[in-house]
There are 2 protein chains.
Amino acid sequence: MHKMNSKNKTFIDKLRSSGLRPTNQRVEISKFLFNRKKTFHFTVEELKNSMNLKRSKKISTATFYNTVHALKSAGHLKEFSLENNTSYYDTNIKSHHHFFDNGKVIDIKSDKITFHKLPDAPKGKKIKNVEVVIRLENNN
Amino acid sequence: MHKMNSKNKTFIDKLRSSGLRPTNQRVEISKFLFNRKKTFHFTVEELKNSMNLKRSKKISTATFYNTVHALKSAGHLKEFSLENNTSYYDTNIKSHHHFFDNGKVIDIKSDKITFHKLPDAPKGKKIKNVEVVIRLENNN
DNA sequence: ACATACTTTAGAATAATTATAAAGTAGTTA
DNA sequence: TAACTACTTTATAATTATTCTAAAGTATGT
């Protein structure tokens, strides 16, 4: 039997709206992801490690993957890729852009980049979204 | 003993400037990649399959990976990632952008996209490049 | 409290990539 | 050109990220 406070509600709603029953594991993952002020960038492996380090009873890899995927499909997480064959996720789902600096990711607010010219979508297609990556290197 | 025509020279130079001895395998890969009019997008697996299909003596996976990596490091290929954990390479190394349409990649010439506003690089950093991805979906 | 469908989990399976080390080849030098 | 050495190729094993499987556990409606 669970005591539910209003804070948990958010996390549970995110799960429910992703078609997931709010099990203990999922609620903890959801809390871990969304109970923070700043945007959080992570890989599933990183998420698993940082959560499981603190826990006596570990959450399984499959559960991390399942939960992250469902949250992403429901639009609660954004997915993106770097050049190292792992998927990164971002708790900031608002349209925005990224700096990439040697594997480190920094968000760029959407309004920091505006376009003067954009191409039309090919026939029969329309633009779903536009994503800008600004790669950085050290000065001098 | 090899007969070398002027056409091969280009491919061999690309290898040499990548720090690679122009072995038969590498020259054939280099030709396959660069002896074409249109930009070529590929994964290493695709490259391997399309080249090896035609050959009686197959080139090994490791050689494809090694060669592609060296060419990429030397700047003869551009690497990019989609959300499926495989690296894509592009023989068009000029700064340009991409449409992504369900895993299919279409080049966008650099001058088709111009910016009205771009953020400054963080302190101590400078912008190496700016890459735009326009994701497409079907109309209606 | 029951039943049932959904979950969790450990471990196997898969896919992309990288590492290993033995056999082969290019480039240099005598 | 013969010989040498360093670089290559290759098959195969290893690794990494991810997905699948099927048995045991749990949430939810009645």
Side-chain angles (χ1 to χ4, degrees), chain A residues 1-4 8-9 11-30 41-52 55-74 77 79-89 103, chain B residues 1-4 8 11-13 15-30 41-52 55-74 77 79-89 103:
Chain A
M1 218 64 345
H2 277 297
K3 198 76 63 68
M4 184 190 299
N8 278 15
K9 191 68 171 49
F11 313 123
I12 291 176
D13 282 350
K14 281 205 163 66
L15 295 171
R16 283 242 138 86
S17 68
S18 306
L20 298 179
R21 286 185 182 174
T23 62
N24 285 335
Q25 293 92 325
R26 288 169 175 170
V27 171
E28 300 220 23
I29 293 171
S30 190
H41 298 111
F42 64 96
T43 67
V44 174
E45 206 60 24
E46 286 167 1
L47 173 65
K48 183 183 101 176
N49 291 338
S50 46
M51 285 194 67
N52 274 346
R55 305 171 56 87
S56 46
K57 184 159 191 329
K58 314 300 185 190
I59 297 174
S60 75
T61 305
T63 295
F64 282 107
Y65 275 98
N66 290 341
T67 305
V68 167
H69 279 166
L71 287 169
K72 178 219 151 191
S73 297
L77 291 172
E79 184 181 9
F80 59 93
S81 296
L82 282 71
E83 277 88 352
N84 58 357
N85 310 319
T86 59
S87 288
Y88 285 75
Y89 296 88
Chain B
M1 216 64 347
H2 275 299
K3 199 75 64 68
M4 183 188 301
N8 278 13
F11 312 124
I12 291 177
D13 282 350
L15 294 170
R16 283 242 139 85
S17 69
S18 306
L20 298 179
R21 285 185 181 172
T23 62
N24 285 334
Q25 293 91 326
R26 287 170 177 169
V27 172
E28 300 221 21
I29 293 171
S30 191
H41 297 112
F42 64 97
T43 67
V44 174
E45 206 61 24
E46 288 166 2
L47 173 64
K48 184 183 100 177
N49 291 338
S50 44
M51 285 194 68
N52 274 347
R55 304 171 56 88
S56 46
K57 186 164 190 325
K58 314 299 186 192
I59 298 174
S60 74
T61 305
T63 295
F64 282 106
Y65 275 99
N66 290 341
T67 305
V68 166
H69 278 166
L71 288 169
K72 178 220 150 192
S73 296
L77 291 172
E79 184 182 10
F80 59 93
S81 297
L82 281 71
E83 277 87 354
N84 58 356
N85 310 320
T86 59
S87 288
Y88 285 75
Y89 297 89

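What you are looking at is a predicted structure, and each value in this text was computed from that prediction instead of being measured. Letters go in sequence order (proteins before strands), and every chain restarts at 1.
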Distance col, row A/Ser73:OG vs A/Leu71:CG, nearest 0.5 angstrom, shows 9.0 Å
Distances under 3.5 Å only, N/O to N/O: pair up the protein atoms with those of nucleotides 28-30 of chain D.
unit_1: D/dT28; atom_1: OP1; unit_2: A/Arg16; atom_2: NH2; d: 2.0

Between the CG atom in B/Asn49 and the NZ atom in B/Lys58, the distance rounded to the nearest 0.5 Å is 10.0 Å
Starting at CD1 of B/Ile59 and ending at P of D/dT8, how long is that distance when rounded to a whole Å? 15 Å
N/O donor-acceptor pair under 3.5 Å between B/Arg26 side chain and B/Leu15 backbone: no
For the CG atom of A/Asn66 and the OG atom of A/Ser18, what is their distance to the nearest 0.5 Å? 12.5 Å
Locate the shortest heavy-atom distance separating B/Ser17 from B/Ala74; write the atom from each residue and the value. O-CB, 3.8 Å
Quick one: sort the B/Tyr88 and B/Phe80 rings into parallel, tilted or perpendicular, breaks at 30° and 60°. parallel
Just the rounded figure in Å: distance from C1' of D/dT26 to CG of A/Leu15. 15 Å
Quickly work out the B/Lys48 NZ to D/dT9 P distance and round it to whole Å. 16 Å
Side-chain donor/acceptor of B/Ser81 to backbone N/O of A/Ser81, under 3.5 Å: no
B/Asn24 atom CG is separated from C/dT25 atom C1', nearest whole Å, by 10 Å
Starting at NZ of A/Lys57 and ending at C1' of D/dT26, how long is that distance when rounded to a whole Å? 12 Å
CD1-CD1 distance between B/Ile59 and B/Ile29, expressed to the nearest 0.5 angstrom: 4.5 Å
Report which part of the nucleic acid B/Thr63 touches: base, sugar-phosphate, or nothing (heavy-atom distance under 4.0 Å, all strands). base
Distance (rounded to the nearest 0.5 Å) between A/Glu45 CD and A/Phe64 CZ: 9.5 Å
Can you tell me how far P of D/dT9 sits from CD of B/Glu28, to the nearest Å? 12 Å
A/Leu20 CG to D/dA27 P, straight-line distance once rounded to whole Å: 14 Å
Under 3.5 Å, is there a donor on one side chain and an acceptor on the other for A/Ser87 and A/Glu79? yes
Taking atom CZ of A/Arg55 and atom CD of A/Glu28, what is their separation to the nearest 0.5 Å? 4.5 Å
Are any protein N/O atoms closer than 3.5 Å to N/O atoms in nucleotides 12-19 of chain D? If there are, list each pair with its distance.
unit_1: D/dT18; atom_1: OP1; unit_2: A/Ser87; atom_2: N; d: 3.0
unit_1: D/dT18; atom_1: OP2; unit_2: A/Tyr65; atom_2: OH; d: 2.7
unit_1: D/dT18; atom_1: O5'; unit_2: A/Tyr65; atom_2: OH; d: 3.2
unit_1: D/dT19; atom_1: OP2; unit_2: A/His69; atom_2: NE2; d: 3.4

Between the two end axes of the helix from C/dA1-D/dT30 to C/dA30-D/dT1, each built from 5 base pairs, what angle do you get to the nearest 10°? 30°
It should be established whether A/Gln25 places a side-chain nitrogen or oxygen under 4.0 Å from OP1 or OP2 of nucleotide D/dT26. no
Side-chain N or O of B/Arg26 closer than 4.0 Å to phosphate OP1/OP2 of C/dA26: no
